[in-house]
Amino acid sequence: MTIETTYNNLAFIPGDTLSGRVNWAADNLGTSSEMTLRLFYFTEGNGRRDQKTVAEKSFPSGAGGGEFDFEFPEGSPFSHRGKLFSIKWALEFRSAKGAKRSDRRERLELVYSPSGAEIDLYAHATEGMPVVTTGIRVGPG
Amino acid sequence: MARPRSRSKKGGAGCLIPFGLIFAGAGLAAFYFLGVQFLENAATYSWAKAPCDYERVEIQTNPSSEENPFDLAVNYRYRFEGQHYVSTQVSRSGGHSGSEYEPLALRRKAMQAEGGGVCYVDPKNPMEAVLERRGLSSALWLLFPIPFLAIGIAVLYGGIRALRKGNAENDPPALDDSSEKLNGRRAAMVVGGIFFTIGLGLLWPLGIKPVSEMLSSNDWVETPCEVIWSRVVEHRGDDSTTYSPDIFYKYKVDGVEHRSNRYAVFSGSSSGRSSKVKIVNAYPSGSQQICYVDPSLPERAILKPGFSAMALLGLLPLIFVVVGLIAMVAGGKKKVKPLRAAQTGPVQLQPGKGRGGAFAFFGIFAVIWNTVIFGILLVGDDDRDLFATLFMIPFALIGIVLLLIAIYQFFGLFNPKPVITLLPGEPRLGTPFAIAWRIERGAQRLSDLKITIQGEEWSQHESRGRNNNGGVTRHEAFFAERIVELSTLSEIRAGEATFTIPEDLVPTLDLGSNKIMWTIVVQGAVPLWPDVLDRYNFIVHPAAPLS
């Protein structure tokens, strides 16, 4: 199983199209009659995980390969690195049914942000920041 | 970033699974036994109805029995398929015996008035009949093991999930479990609903009804009575023994003799024998006393009218109601708040709800907590053992702290109120915006004013129990900058400052368990009073797209 993006590009900015090609061999299929490629983001950290698939494409298993073309939806979260959680983007290709976790999928990690680089959440943090940790919270959020 | 370790998770899961199994097993066993009893009673609903005549209805007393000294003995005659039968069986689960005389006296009165009624005959064995079918009442008992069962299953599920998570440490996240949190919330709502219903169901019989009866007992009629027996009854439990006074007395209303063994409206047993001995000694056997009779029901009498602190224990179901309500509200929260389009007009942020909410939360919590804890303390076992008293001290201290916080929040309600306006509207990363402030009342009470913009990441972590319903929320500030620090009244009263949130940071984000929040923190020192400390969450949008 392989995932290749156009020009091997792994960094994207809002408005970009993510395109490429997937290929697979018959011995990767198991009992599945369909292969699925998904574009998704997920959180990584010690807390609970959030994740969401934003685009998905299926291929008949007999085809052996196929092309894809995904848009990043407007308002999607950007790749960032924090202390409590980070946001990662990835493409995942796998057989749709009967797949075991380890042997029938391929993953390609991507970066999605306005600069095309992972945002460092603490880039402006300083030791003497006037952080207020208590108080009554009002308003949205 | 390093992945969470699996070893400790596996260890925790290892503890959770047996705990969940024991809890669920106990709930299941109780459910089974109560279910068998329920089915046995429910079978009588398929029995044939037959007319019957009561030949004898009387209450037999057995002073040698402390647990059930009273028994309603009924002889009745019924006819089924042309044959006559006699029986003494009241219900499938036995007769009508108990430790309280009053319910039996009321039942006897009703039966004597009716003279006869309907009995239910087993068509397969017409020799067996009952006067009462108790299907519904035993069905209610089935509700009690459900919380144990639900908690046990939830813990077991959490343990298995944690174990799986641990095993799959090196695996990337599965993609198709977006319903995971939804299931957790649904479970929280179901468990919360069960707690709420049980609490509400118990509040009437254990709390509201006795309290209203206590208040009305002040108007009951003073009546001379004679004590038949007077003793302290022991109730042996698995861990402790409790005691209650059992004073059986007779009295006359309109020339008719009645009996009762009710001491006060709210009767119960508690630890400490000597306080009960003291009560019993005040009503020796054979002595003439005064009892108080309900003018609308001569079978209802007590020796001690009025309010007793014991009634506060009846408010314990309120804890179930509040916990259930909190779980339902938490479970019902929307998962993800998508970022809406930027609001272009001025955005005014006002405090008030936050302050009132904090006071209401701590106030209600403090009242319930202290009512229950001090209710238990004041119930008045003069000889409560030292361990029991020491055990209660931390709970009483928590109650006092809660009360102090509630008082502090109450004073905070009267603090000066800053009104914050964002101009020209909700900000974007990298675009200058203005923060205008105005102190609505009492600006002169503030000796300084500080306004800070803060960016925080929030993440929900599994609690120690690692269930889906609870958990700990952690937060960490990744950005904080003070934009205003003032000490002169004219500046404090109103003003405006411009600020730009760096473009290379992140906008407001709510993914469900993980969030990015932007906050304006307003601090103001008020001499000899709680300080102003209000936080205003506001929406920050992504940087404007390049044209």
Side-chain angles (χ1 to χ4, degrees), chain A residues 13-15 36 38 40-53 56 74-88 90 92 94 96 101-102 105 107 109 113-115 117 119-126 128-141, chain B residues 1 3-4 168 171-175 178 181 337-339 349-355 357-358 450 452 454 457-462 471 474-482 502-506 508-515 517-519 521 523 533-539 542-543 545:
Chain A
I13 63 169
T36 308
R38 300 181 199 196
F40 73 108
Y41 64 81
F42 60 96
T43 59
E44 199 175 73
N46 287 330
R48 289 178 182 163
R49 180 184 297 137
D50 288 312
Q51 63 183 47
K52 190 178 179 187
T53 299
E56 186 174 328
E74 199 183 340
S76 293
F78 300 132
S79 302
H80 84 243
R81 189 173 65 252
K83 280 184 187 169
L84 299 182
F85 73 97
S86 299
I87 292 181
K88 306 275 181 191
E92 188 176 271
R94 65 180 183 180
R101 274 175 172 252
S102 53
R105 65 173 168 176
R107 175 173 292 198
E109 291 212 354
S113 79
S115 64
I119 297 168
D120 177 6
L121 204 55
Y122 287 79
H124 297 268
T126 56
M129 279 194 311
V131 176
V132 185
T133 53
T134 55
I136 299 162
R137 192 167 287 276
V138 294
Chain B
M1 180 174 282
R3 277 279 174 75
D171 283 347
L175 265 177
S178 54
K181 263 190 71 62
K337 289 178 188 165
L339 198 59
L349 308 169
Q350 285 200 30
K353 276 187 186 172
R355 291 180 184 177
K450 294 173 195 157
T452 308
Q454 211 160 288
E457 52 173 339
W458 287 64
S459 180
Q460 276 182 11
H461 289 237
E462 303 285 350
R474 294 192 183 143
H475 58 99
E476 182 94 30
F478 58 83
F479 180 86
E481 196 153 320
R482 176 134 317 140
E503 191 174 359
D504 57 351
L505 286 178
V506 287
T508 301
L509 184 67
D510 183 354
L511 299 177
S513 296
N514 299 280
K515 295 177 186 181
M517 302 225 296
W518 285 96
T519 307
V521 186
Q523 295 165 276
L533 180 46
D534 289 331
R535 299 167 66 98
Y536 304 74
N537 294 340
F538 67 105
I539 309 276

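Letters A, B, ... mirror the listed sequences (proteins, then strands); counts begin at 1. Hydrogens, waters and symmetry mates play no part in the numbers below; they use all other heavy atoms, side chains included.
- With a 4.5 Å cut-off on non-hydrogen atoms, A:Pro130 touches chain B through its backbone and its side chain both.
- Rounding to the nearest 0.5 Å places OH of A:Tyr41 at 5.0 Å from CG of B:Leu511.
- For B:Asn514 (side chain) and A:Arg48 (main-chain N/O), a donor-acceptor pair under 3.5 Å exists by modelled atom type.
- When heavy atoms are compared at a cutoff of 4.5 Å, B:Ala477 approaches chain A by way of both its backbone and its side chain.
- Considering only heavy atoms from C-beta on, A:Thr43 stays 4.5 Å or farther from B:Ser513 through its side chain.
- Atom NZ of B:Lys515 and atom CG of A:Leu84 lie 13.5 Å apart (nearest 0.5 Å).
- B:Asp504 approaches A:His124 most closely through the heavy-atom pair OD1-NE2, 2.7 Å.
- Residue A:Gly47 comes nearest to B:Ser459 through the heavy atom pair CA-OG, 3.7 Å, listed as atom of the first residue, atom of the second, then distance.
- At a 4.5 Å heavy-atom cutoff, the contact between B:Gln454 and chain A is made by side-chain atoms alone.
- Residues A:Lys83 and B:Phe478 fail the side-chain proximity criterion, which asks for heavy atoms closer than 4.5 Å.
- Residues meeting the side-chain hydrogen bond (donor to acceptor under 3.5 Å, both in side chains) test with B:Thr452, sequence neighbours left out: B:Arg482.
- Here the closest non-hydrogen pair linking A:Tyr122 and B:Glu476 is OH-CG, 2.9 Å.
- Heavy-atom distances place the side chain of B:Gln523, and not its backbone, under 4.5 Å from chain A.
- The closest side-chain heavy-atom distance from B:Val506 to A:Ile87 is not below 4.5 Å.
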